[in-house]
Amino acid sequence: MKSHGVRILLIDDDFNEQYLQKLALGKVLRPGSSVHLVSSGDEAIAFMIGEGKFADREKFPFPSLIITDLKMTRGDGFDVLEFLQNNPAWNVVPRIVFSSSSDDDDVRTAYLLGASAYHVKPLTQADMEKRMRSIVEY
């Protein structure tokens with residue numbers, strides 16, 4: 001039986017944040033894992049349904065973990081969570097919110113839309129690595 005690593009879909013419209021998150025994930029993921037980056041909720045939904053440039057499932061495999069920011073243009077993290085909630089086939093995929101917002105309404109809404117966990121982005125790279133390790137181990 002072939003063993004696969006974690007296949008992460010990382011959704012964030014800030015390219016600096018994408019870089020730092022991917023760097024942290026690279027230090028904690030086991031071999032065979034992959035991280036696919038998209039920069040909007042709309043692009044994430046296209047990835048998930050295999051639409052357009054994401055049609056090749058060999059190149060863009062079904063993710064086993066979704067990490068999304070909340071506040072983005074062209075479809076935000078709430079849109080992603082709502083899409084996942086309305087498509088029961090995705091219930092097996094954990095969805096983690098990773099946002100700068102600590103607003104109670106954002107946290108509550110994320111959980112109501114099916115978020116598995118909600119993390120506020122840390123300020124240091126060392127803390128980012130710790131947080132990503134805990135997310136991946138989850």
Side-chain angles (χ1 to χ4, degrees):
M1 183 170 164
K2 189 173 181 180
S3 173
H4 296 284
V6 178
R7 295 173 314 278
I8 298 174
L9 176 59
L10 180 62
I11 311 160
D12 200 311
D13 64 344
D14 183 318
F15 294 109
N16 291 326
E17 286 289 332
Q18 279 186 353
Y19 173 78
L20 295 172
Q21 291 171 43
K22 187 170 183 181
L23 184 66
L25 284 165
K27 294 183 178 186
V28 301
L29 291 174
R30 66 181 183 253
S33 295
S34 60
V35 179
H36 294 274
L37 306 170
V38 295
S39 59
S40 72
D42 294 347
E43 195 176 16
I45 291 168
F47 183 104
M48 289 184 272
I49 62 176
E51 183 177 84
K53 68 181 182 180
F54 303 112
D56 182 352
R57 281 296 179 203
E58 288 293 318
K59 189 174 180 183
F60 303 104
F62 190 84
S64 56
L65 174 63
I66 296 169
I67 302 173
T68 186
D69 189 15
L70 281 184
K71 311 294 179 154
M72 299 178 284
T73 58
R74 298 183 308 116
D76 61 19
F78 294 121
D79 294 331
V80 171
L81 292 171
E82 188 172 1
F83 168 82
L84 293 166
Q85 187 178 50
N86 291 329
N87 291 278
W90 287 91
N91 286 341
V92 298
V93 179
R95 64 272 333 239
I96 309 296
V97 173
F98 201 62
S99 176
S100 297
S101 173
S102 59
D103 181 77
D104 289 341
D105 288 335
D106 286 345
V107 175
R108 186 179 309 103
T109 301
Y111 279 118
L112 286 171
L113 289 173
S116 304
Y118 191 107
H119 294 271
V120 176
K121 292 176 182 175
L123 299 176
T124 69
Q125 190 61 22
D127 287 340
M128 175 81 73
E129 289 173 23
K130 289 177 191 172
R131 189 69 47 89
M132 287 301 180
R133 182 177 306 285
S134 71
I135 288 172
V136 169
E137 288 174 353
Y138 169 81

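Checked by atom type and distance alone, the side chain of Glu43 pairs as donor or acceptor with a backbone atom of Ser39 at under 3.5 Å. Under the 3.5 Å distance criterion, the side-chain polar atoms of Ser34 are left unmatched by any main-chain donor or acceptor of Arg7. Between the side chain of Gln85 and the main chain of Asn91, no donor-acceptor pair closer than 3.5 Å is present. Of the possible polar contacts, one joining the Asp76 side chain to the Asp79 backbone as a donor-acceptor pair under 3.5 Å is found. With hydrogens and angles ignored, the 3.5 Å screen pairs no side-chain donor or acceptor of Thr68 with any backbone N or O of Gly77. Looking at Gln18, its side chain never comes within 3.5 Å of a backbone N or O of Leu37 through a donor-acceptor pair. Remark: the backbone N or O of Met72 is not paired with any side-chain donor or acceptor of Arg74 at under 3.5 angstrom.
The two residues Pro94 and Ser64 come nearest to each other via the heavy atoms CD-O, 3.3 Å. The minimum heavy-atom distance linking Ser33 with Gly5 is given by the pair OG-CA, 3.4 Å. When all heavy atoms of Gly41 and Ile11 are compared, the closest pair comes out as N-CG2, 4.4 Å. Taking every heavy atom of both residues into account, Met48 and Leu84 meet most closely at SD-CD2, 3.5 Å. Here the closest non-hydrogen pair linking Val120 and Ser102 is CG2-CB, 3.9 Å. Contact record, Leu9 with Ala44: CD2-O, 4.2 Å, taken as the closest heavy-atom pair.
Other residues, nucleotides and ligands contribute more than 12 heavy atoms inside 6.0 Å of the OH atom of Tyr111. Taking a 6.0 Å sphere around CG of Asp104, one finds it holds 12 or fewer heavy atoms contributed by other residues, nucleotides or ligands.
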Could you go through the side chain to side chain contact (heavy atoms under 4.5 Å, CB included) check for Tyr118 and Asp106 one step at a time?
CA-CA 10 Å; Tyr118 191 107; Asp106 286 345; 3.8 Å; yes
Please walk me through it: do Asp12 and Ile67 pass side chain to side chain contact (heavy atoms under 4.5 Å, CB included)?
CA-CA 9 Å; Asp12 200 311; Ile67 302 173; over 6 Å; no
Do Leu65 and Val93 pass the side chain to side chain contact (heavy atoms under 4.5 Å, CB included) test, and can you show the C-alpha distance, the side-chain angles, and the key distance before you say yes or no?
CA-CA 6 Å; Leu65 174 63; Val93 179; 5.5 Å; no
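If you take CZ on Phe47 and CD1 on Ile66, they are separated by 9.0 Å, rounding to the nearest 0.5 Å. Atom CG of residue Leu113 and atom CG of residue Leu81 lie 5.5 Å apart, to the nearest 0.5 angstrom. With rounding to the nearest 0.5 Å, the separation of NZ in Lys59 from NE2 in His36 is 10.0 Å. The OG atom of Ser100 sits 9.0 Å away from the CG atom of Leu123 when rounded to the nearest 0.5 Å. Interatomic distance, CG of Leu10 versus CD1 of Ile96, reported as 12.0 Å (0.5 Å rounding). A distance of 6.5 Å separates CZ in Arg131 from NE2 in His119, rounded to the nearest 0.5 Å.
Ionic pairing of Glu17 and Lys22 is not present here: no N-O contact between side-chain nitrogen and carboxylate oxygen is shorter than 4.0 angstrom. We find that Lys121 and Asp14 are not joined by a salt bridge, their nearest charged nitrogen and carboxylate oxygen being 4.0 Å or further apart. We find that Asp13 and Lys71 are not joined by a salt bridge, their nearest charged nitrogen and carboxylate oxygen being 4.0 Å or further apart.
The aromatic rings of Trp90 and Phe62 lie parallel to each other, with less than 30° between the two planes, well short of the 60° mark.
If you check the side chains of Thr124 and Asp127, you find a donor sitting under 3.5 Å from an acceptor.
Grouping the Ile, Leu, Val, Met, Phe, Trp and Tyr side chains by contacts below 4.5 angstrom, directly or via other members, places Leu25 apart from Val38. Phe98 and Leu29 fall within the same hydrophobic cluster, defined by Ile, Leu, Val, Met, Phe, Trp and Tyr side-chain heavy atoms under 4.5 Å apart, directly or through other members. Note on Ile8: it clusters hydrophobically with Met128, by side-chain heavy-atom contacts below 4.5 Å among ILVMFWY residues. Hydrophobic clustering of Ile, Leu, Val, Met, Phe, Trp and Tyr side chains at less than 4.5 Å, counting indirect connections, unites Val28 with Leu23. Taken together through direct or relayed side-chain contacts under 4.5 Å among Ile, Leu, Val, Met, Phe, Trp and Tyr, Val80 and Leu112 form parts of separate hydrophobic clusters.
Summarising the hydrophobic clusters (Ile, Leu, Val, Met, Phe, Trp, Tyr; side-chain heavy atoms under 4.5 Å, direct or chained), the residues clustered with Phe15 are none.
Legend: residues meeting side chain to side chain contact (heavy atoms under 4.5 Å, CB included) with Asp105, ordered by chain and number and at least two apart, are Asp103, Arg108.
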